[in-house]
Structures are given as structure tokens and as C-alpha cells.
Amino acid sequence: MTKSRTLWPKVSAAFVAQNLTGHKILGLATAAILYLICLSGTATVFYIDLERWETANAAESPDFRPEAVAAALTDMRSRIPNDNKETELYITAPTQDYPRLVLQRGEADVRVYDQQGRFSVPGEHPATHGMTELHAQLHLPETLGLIVVGITGIAMLALIIGGLLAHPRILKDAFLWRLNGTPRVNRGDLHNRIGVWASPFHIVIALTGALIGLSQVLVLITALTFYGGDTLKAFASIYPDIAAKTAEGQVSGAAFIKAVTTLRQAHPDAHPNFISINNLNTDHESLTVYAEIENRLVYGDTWEFDGKGNLVDQLHLSDGAAGKQVYASIYRLHFGNFGGIWVRWAYVILGAGLCLICTTGMDIWLLKSAQKGRPYPRLHKVWTGFVWAVPTAMAIATLTTITAVLPFVPVFWGLTVALSLVGLLATSQTRLSVIGRYVFAGSLLALVAGHVVRFGAASFSQTALGLNLTLLILAAITVSLTWRQGRKLSSSL
């Protein structure tokens with residue numbers, strides 16, 4: 001008699017049972033929040049492309065011309081009111097991934113400029129912002145949202161490790177997928193196979209997400225405890241204060257060109273992608289230039305210039321202490337913002353798998369409870385409604401936002417709650433799942449149609465066309481799979 005191959009040798013049945021119980025309890029407690037975070041995170045892997053899609057008629061050019069930025073800066077300054085209360089003006093420089101020149105003062109004044117520095121269109125992207133804020137803080141107040149999402153990341157990490165420990169026959173069952181089994185068996189195999197195959201990716205996502213969320217909270221606590229609430233002092237070991245201290249007047253176009261030229265000559269592998277003019281409209285303005293570093297995982301490095309364009313200091317995120325470089329690499333590792341388009345697609349596919357793990361985990365418990373004589377039909381309907389309500393609400397909220405009908409946040413949450421509760425009216429959970437998928441596919445078609453109506457020919461530009469085709473393909477796949485499931489359902493009645 002041969003022994004079963006296990007990943008965890010000599011593991012007792014009691015140990016496995018304890019881990020399975022803990023895995024179940026933690027999963028049930030966090031399923032809905034995890035699903036919201038994972039689905040929004042998967043969607044916003046392409047947040048740069050979503051911003052371009054949301055303002056498809058904006059001028060684009062990947063060439064970074066300091067002279068164009070200087071001209072745009074002059075135009076933006078002419079628009080600053082006398083009672084201006086904003087302390088920074090932000091400049092997003094064009095790159096290959098984001099070929100746009102964008103200047104922003106506060107939340108409401110965002111302008112896109114062409115490669116000559118001439119105004120093109122307003123650059124607000126509230127729908128993309130709504131989705132990224134859903135992922136980052138669940139639309140809660142910033143500190144509370146970061147705490148909740150950070151703790152959820154830790155819970156997700158515990159679920160992954162607990163799930164692996166509760167499954168000692170990982171090697172033997174690695175390719176076990178009983179497609180013709182009962183719904184509970186099908187979902188169980190799907191849950192376990194994706195959970196095992198993609199566990200390295202899921203661990204990285206959970207760990208980096210928890211670090212991003214909780215690091216901000218830990219800094220805030222440290223600042224309140226030891227530095228009288230000064231977060232800059234609390235973060236000084238990683239982000240020391242390198243701001244210019246001299247009063248050199250306002251940053252002129254010539255000073256900006258000088259600063260960028262100095263940076264390019266000293267660091268030819270650094271490509272500026274974001275610039276901040278600090279202390280706006282005072283006599284001691286300064287420039288903070290953020291730049292991507294070629295062939296590095298760190299999200300970039302930072303240089304400070306005074307109002308005349310003279311170099312003051314560098315933050316040394318790319319060549320400083322190892323801890324700094326590790327911390328500066330977390331963001332890109334979490335969002336897949338490295339390695340080009342194929343890495344991002346890999347993140348989307350693996351993120352979709354994580355969403356399936358969230359949904360099937362809850363389904364497994366509900367189906368198993370029903371088999372044991374403890375059914376929860378109302379809860380099962382609400383859960384099924386919620387699973388399809390969230391992506392449908394994201395699509396419709398995006399549609400109402402880009403057509404300037406209603407803002408993203410209230411539409412998203414209103415539809416999510418309403419569609420989840422409407423599921424209680426369905427005659428069965430299975431039929432509700434079929435209806436939910438058709439409604440989701442319809443929302444994608446409506447979103448593409450709304451985009452074409454809103455932007456016309458610009459909807460067929462490179463990035464916009466790519467995203468619109470992706471949405472149409474996703475709708476077609478959803479309808480095809482749902483139609484097949486509906487036929488099986490009809491034949492079984």
C-alpha cells in the first residue's frame with residue numbers, strides 16, 4: 001500500500017481540523033470586504049489606461065518636453081485666483097505608459113495640455129478615482145479606511161496560510177478538478193486548485209497590501225505618540241526633509257527647464273514622471289521632481305530644487321539603504337506596475353482567481369450547511385446577489401460618471417445594496433446567479449455604448465478601443481457561459 005504524498009508530513013488530523021475551522025471562521029467574517037477589495041484591485045491594475053479611457057478626447061504624446069511644461073505652467077498660473085488656498089501644484093509628465101501632460105491644482109482644477117503646452121481638455125477622472133479609492137480605503141474616511149484595508153490584508157494572508165495548512169494533500173490533489181460533481185464539489189475543487197496554484201502571487205499581494213495600508217497607520221500612531229502629530233518627523237528615516245529652505249521666489253519656466261536639465265545630465269537613467277511645485281504662490285516656492293529609474297523595481301526617486309532650479313538634495317530611494325529600497329518597491333509589486341502590459345494582464349488573471357476564491361469559499365460553506373440540514377436560503381440569495389451586484393454597480397457607476405449624470409460613490413453603493421437585496425425576490429439561488437450574470441453583461445454593453453456616445457471617434461483610439469473591446473469580450477464570455485448554464489438548468493427541471 002503506497003503512502004499519499006503530502007506537503008506537510010506527519011500532520012495530525014486534529015491540526016488539520018483546527019486550521020480548517022479557523023480558515024472557515026475568518027473567511028466568513030471577511031468574505032464581503034475581501035471581495036470588494038480584490039475585485040476593485042483587479043479592475044484598477046489598468047488604472048493608468050482607465051484614466052486615459054475616461055478622458056479619451058485628451059491630447060497625447062509620449063515626449064517629455066520641458067519647454068511644453070513651462071508653457072503649460074504659465075497658463076495654469078494665470079488661472080490661479082487671488083484667494084487661492086492650495087499649497088501645491090502638481091505636474092504629471094508624459095511617459096510611454098501615460099503619454100499626457102497634466103497640471104493639477106486641488107481636486108477640481110485639472111487640465112491636460114498638448115506637446116506644445118497648449119490647453120487640450122479638463123483632466124478629471126472621477127470614475128477611476130472612485131474605483132481606486134474603493135480598493136484603497138473602501139470609500140471610508142482615509143485613516144479608518146486604511147486601517148480596515150490593512151487589517152483585511154493581514155486576514156487575507158492568514159487565510160492563505162491557514163488554507164494551505166488545512167490541505168495536507170496538496171501535491172496529490174494538485175490537478176484534481178471534478179467538473180461533473182455536485183455544485184459543492186465543483187466549487188471546492190475550484191477554490192482549492194486556484195488557491196494552491198496562485199498562492200505565491202496571493203501571498204505577495206496580501207503582504208504588500210497590508211504593508212501599504214498599515215504603514216500609514218503606524219506612521220500616524222508614531223507621530224501622535226512621539227512627535228506631536230508631525231508625520232514628516234515620523235517618516236524621516238525613510239523620507240527625510242530635503243525641502244529647499246531658501247526664499248528664491250516663484251518657480252519660473254526657465255527655472256523648471258534648468259532643474260530638469262540638471263537632473264537628466266546627472267542621472268540619465270531617471271525619467272521624470274511627476275513634479276510638485278511646493279508653497280504655491282509664495283516667495284519661497286520649490287520643486288520636487290519624482291522620476292522612474294530604468295530597470296529598477298523601486299517606484300522612483302525624488303530630487304528637490306529651489307525656486308531658481310538649483311539642486312538641493314536627493315531622497316536616495318533607489319540607491320540608499322536596503323530598507324528604503326525594499327519599501328519603495330512595495331507599491332509596484334502590489335499593483336503590477338512593472339514589466340509592461342503582459343505583467344499587468346497576469347495580475348488581472350491572477351486577481352480574478354482571487355475573486356473566485358472569495359466567492360466560492362462562501363458558496364462552499366452555504367452548500368455544505370444545506371447538505372447538513374441547516375440551509376440559509378435568504379443569506380445564499382443575498383450573497384449571490386452581492387457577488388454580481390458589485391461588478392454591475394461598478395460598471396453603471398462608471399457610466400453615470402463619464403456621462404456626467406451622477407457621481408460614482410453614491411451610485412455604486414446604492415446599486416450594490418439594492419441589487420443585493422433584490423436577490424431575495426428570486427425563486428431560487430441558481431436562477432438568481434443566471435440573472436445576475438446577464439445583468440452584469442448588459443451593464444458592460446451599456447458602458448461601452450455610453451462611452452461611444454460620450455466621446456465619439458475618440459472611443460476608437462488605441463487605448464480606448466482596447467478597453468472597449470476588452471469589455472465587449474468579457475460581456476460575450478459572460479453571456480456564453482451563462483447561456484450554457486441556463487440550458488443545463490432548464491434540462492434538469
Side-chain angles (χ1 to χ4, degrees), residues 37-38 40-49 51 90 92-93 95-98 132-133 135-137 146 149-154 156-157 160-161 198-220 222 231-232 234-242 263 266-276 288-304 313-351 354:
I37 293 172
C38 292
S40 57
T42 300
T44 54
V45 167
F46 285 105
Y47 73 95
I48 291 177
D49 305 279
E51 287 185 11
Y90 302 113
T92 301
T95 63
Q96 291 295 327
D97 287 336
Y98 191 76
T132 56
E133 289 301 297
H135 179 70
Q137 56 198 56
L146 289 172
V149 172
I151 291 174
T152 305
I154 294 174
M156 179 177 161
L157 188 61
I160 296 167
I161 296 173
S199 58
F201 168 80
H202 296 157
I203 288 172
V204 168
I205 292 300
L207 183 59
T208 54
L211 286 172
I212 291 171
L214 291 182
S215 65
Q216 307 298 319
V217 179
L218 292 174
V219 167
L220 179 61
T222 302
T231 55
L232 291 177
F235 240 142
S237 59
I238 298 178
Y239 298 115
D241 181 13
I242 61 172
L263 176 58
H267 302 275
D269 60 339
H271 303 285
N273 60 350
F274 189 78
I275 300 103
S276 171
T288 304
V289 180
Y290 305 83
E292 293 181 354
I293 310 299
E294 288 181 2
N295 303 318
R296 294 297 306 277
L297 188 59
V298 294
Y299 63 75
D301 211 331
T302 306
W303 288 263
E304 184 76 14
D313 206 346
Q314 178 185 352
L315 204 54
H316 293 289
L317 291 175
S318 61
D319 58 2
K324 270 189 179 183
Q325 296 187 49
V326 169
Y327 185 82
S329 302
I330 290 173
Y331 178 86
R332 281 188 147 188
L333 199 58
H334 183 76
F335 289 100
N337 190 20
F338 65 94
I341 187 70
W342 296 113
V343 170
R344 281 185 282 171
W345 270 115
Y347 267 61
V348 167
I349 294 170
L350 291 166
L354 196 52

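These numbers come from the heavy atoms of this one structure, side chains and all, not from hydrogens, waters or symmetry mates. The shown structure was predicted, so the numbers you read here are calculated from the model rather than taken from an experiment.
Across all non-hydrogen atoms, the minimal contact from A210 to G153 is CB-C, 4.0 Å. Pairing each heavy atom of P272 with each of A270, the nearest pair is CD-O, 3.6 Å. Scanning all heavy atoms of the two residues, the minimum distance from Y290 to T302 falls at CD2-OG1, 3.3 Å. A pairwise comparison of heavy atoms in L350 and H202 identifies O-NE2, 3.5 Å as the closest pair.
A heavy-atom distance below 4.5 Å is found between the side chains of I341 and F46. Within the 4.5 Å cutoff, side-chain heavy atoms of I37 are placed close to those of V149.
The backbone N or O of S318 lies less than 3.5 Å from a partner atom in the side chain of D301, making a donor-acceptor pair.
Rounding to the nearest 0.5 Å places CD1 of I154 at 8.0 Å from CG of L157. Here the CD1 atom belonging to I48 is positioned 8.5 Å from the OH atom belonging to Y98, to the nearest 0.5 angstrom. Note: R344 CZ to D49 CG = 5.0 Å, rounded to the nearest 0.5 Å. For the atom pair CG of L315 and CD of E304, the computed distance is 9.5 Å after rounding to the nearest 0.5 Å. Remark: I160 CD1 to F201 CZ distance equals 9.5 Å, nearest 0.5 Å. In this structure, I203 CD1 and M156 CE are separated by 9.5 Å, a value rounded to the nearest 0.5 Å.
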Validation: residues 328-337 side-chain donor-acceptor distances under 3.5 Å, sequence neighbours left out:
unit_1: S329; atom_1: OG; unit_2: Q325; atom_2: O; d: 2.7
unit_1: Y331; atom_1: OH; unit_2: Y47; atom_2: OH; d: 3.4
unit_1: R332; atom_1: NE; unit_2: N337; atom_2: O; d: 3.0
unit_1: R332; atom_1: NH1; unit_2: R296; atom_2: O; d: 3.0
unit_1: H334; atom_1: ND1; unit_2: I205; atom_2: O; d: 3.2
unit_1: H334; atom_1: ND1; unit_2: T208; atom_2: OG1; d: 2.9
unit_1: H334; atom_1: ND1; unit_2: G209; atom_2: N; d: 3.3

Mind running side chain to side chain contact (heavy atoms under 4.5 Å, CB included) on T95 and N273 for me, showing each step along the way? CA-CA 7 Å; T95 63; N273 60 350; 3.9 Å; yes
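Residues satisfying the ring pair (Phe, Tyr, Trp, His ring centres under 6.0 Å) criterion with H271, sequence neighbours excluded, are absent altogether. Under the rule for a side-chain contact (heavy atoms from CB on, under 4.5 Å), the partners of L146 that lie at least two apart in sequence or sit in another chain are E142, Q216, V217.
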